[in-house]
> 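Below is one structure. I have some questions about it.
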Amino acid sequence: MRTAREAGSGRAMRGATGPIAPALLPDTAAALGSGGLAVGGVDLLELARAIGTPCYVYDTGTLEARAREAARVFVGGAAYASKAFSCVAMARIAAACGLHLDVASLGELRIGLAAAVPPGAIVLHGNNKSVAELELAQARGVGRIVVDSLDEVDRLEALQARAGGPPVPVWLRVTPDVDPHTHAAITTGRFDSKFGVPIVGGAAAAARERLQRSPAVRLVGLHAHIGSQVVELQPFQESARRLAALAVSWQLEELCLGGGLGAAYRGDDRVPSLGDWAEALERGCRAGGLPPSLHPSAEPGRSLVARAGITLYTVGTVKRLPGGRTYVAVDGGMGDNPRPALYGSRYEAFLPRAVAAPRPLPAAVVGQHCESGDVLVADAQLPADLAVGDILAVPVTGAYGHAMASNYNRIPRPPVVFVADGRARLVIRRETVEDLLRLETDGPVPLGGPG
Ligand code: LLP
């Protein structure tokens, strides 16, 4: 069977009103004789019937292929940035494919440990790490703690004074002051940032001195992350150059250049490959004087998981405004994907029952939440015969979808299903209203404790 990706390449009818571009679908997407679509050998309509909607579907073939590719192209190693999609099943895949794990909270750390990721392969991030996070990281022997501020060093020292133990190996997170040309909310490496310490102005040098004096830490490397959904290579290369120059002058051998490579969300989006990105980082490091024996590492999140995920919804209401827009309302929305509302992110939509059909109908795909900003795809193109009851799919939702889902309007979060080899595996069950009610209580709060 030809995959939909192959079948679609070179097809004449592309663009706005053509079928969904195969490049937006997971690796194993395959057109079915029925006109439908299988992913991981599973018919998406059958899956929607079995598990209900909305649901997040991940192709494990794509997850594994991207994870292995990252492990291969980053000679200096790569850690999967689990914030993009954190669950035990995903952490297991990342580790099995040769990646380390980047965690940025107690919850992500606990998920990584629950997946039996070796603690030494875990990197702990956070611009305001709690004592509980640092304590667990230190107790379990997390591989690297990425020091983001000097207040954190105070906490690490207090911890060592209490618990003892050898100094923990750390990277210092610096801001290289490079503009990644992405959304302001996900720009992180400028001078004016809540993350890290700026190289410019001497703050990084002062932090280094503080770290060198500390009995609680051992500075072994540098870290920078310039931002997310970055689609140009030049800012990555420049950040690498600046960090490499600093690492050389400070005689540090470990250099992690963060994540950030963008994903293509719409048919006309173009993004560099993981290999292109790795080469740009290497080039920057050479330009900064890093000796050829040393290689940077990276922390990809989105670029490994975005295209592996598709969200399935059921169309509940179709409203055609006379002389105006068509609104297609589905049984999910900003609760399962807040990215359009938060960043103005643009997606596409299609009907899995008619994956090769033209999509001449312009429509706004909206959710069921109580606000007008609850839009999933503002300018979707859909088949003309779209009807209530149809299963509607939004592709490329594998990154920062489930990860950022909320219970707004007390709507339970959708389940996560992994598909491969014709089988579907439930890895996170659907939340229920009972789950939400279980948090409701009316107990006294004991006041006047110590402190
Ligand atoms: N490393 C660090 C230190 C990070 O802060 C991040 C992302 C990554 C790696 C992974 O970046 P990626 O390869 O996924 O771009 N919620 C936003 C994205 C926030 C990214 C936060 N940090 C969104 O939905 O676009």
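Atoms within each ligand, like the ligands themselves, are counted from 1 in listed order.
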> With side chain to side chain donor-acceptor pair (under 3.5 Å) as the test, pick out the partner of Y313 among D390, D336, D331, T53.
D336
> Classify the ring geometry between Y58 and F85 as parallel (under 30°), tilted (30 to 60°) or perpendicular (over 60°).
parallel
> Report every pair formed by an N or O atom of ligand 1 and a protein N or O atom separated by less than 3.5 Å, giving atom names and the distance to 0.1 Å.
from, atom 1, to, atom 2, distance (Å)
ligand 1, 1 (N), D102, OD2, 3.4
ligand 1, 1 (N), E299, OE1, 2.7
ligand 1, 5 (O), K83, NZ, 3.3
ligand 1, 13 (O), G260, N, 2.8
ligand 1, 13 (O), G301, N, 2.9
ligand 1, 14 (O), R302, N, 2.8
ligand 1, 14 (O), Y400, OH, 2.6
ligand 1, 15 (O), S228, OG, 2.4
ligand 1, 15 (O), G260, N, 3.3
ligand 1, 16 (N), Y343, OH, 2.8
ligand 1, 24 (O), R339, NE, 2.5
ligand 1, 25 (O), R302, NH1, 3.4
ligand 1, 25 (O), R302, NH2, 2.8
ligand 1, 25 (O), R339, NE, 3.3
ligand 1, 25 (O), R339, NH2, 2.9

> So, the side chain of E431 versus the backbone of R413: is there a donor-acceptor pair under 3.5 Å, distance only?
yes
> For the pair T175 (side chain) and G196 (backbone), establish whether a donor and an acceptor sit closer than 3.5 Å, ignoring hydrogens and angles.
no
> Parallel, tilted or perpendicular: which one describes the rings of W171 and H223, with boundaries at 30° and 60°?
parallel
> Take atom CZ in R110; do more than 12 heavy atoms of anything else shown fall under 6.0 Å from it?
no
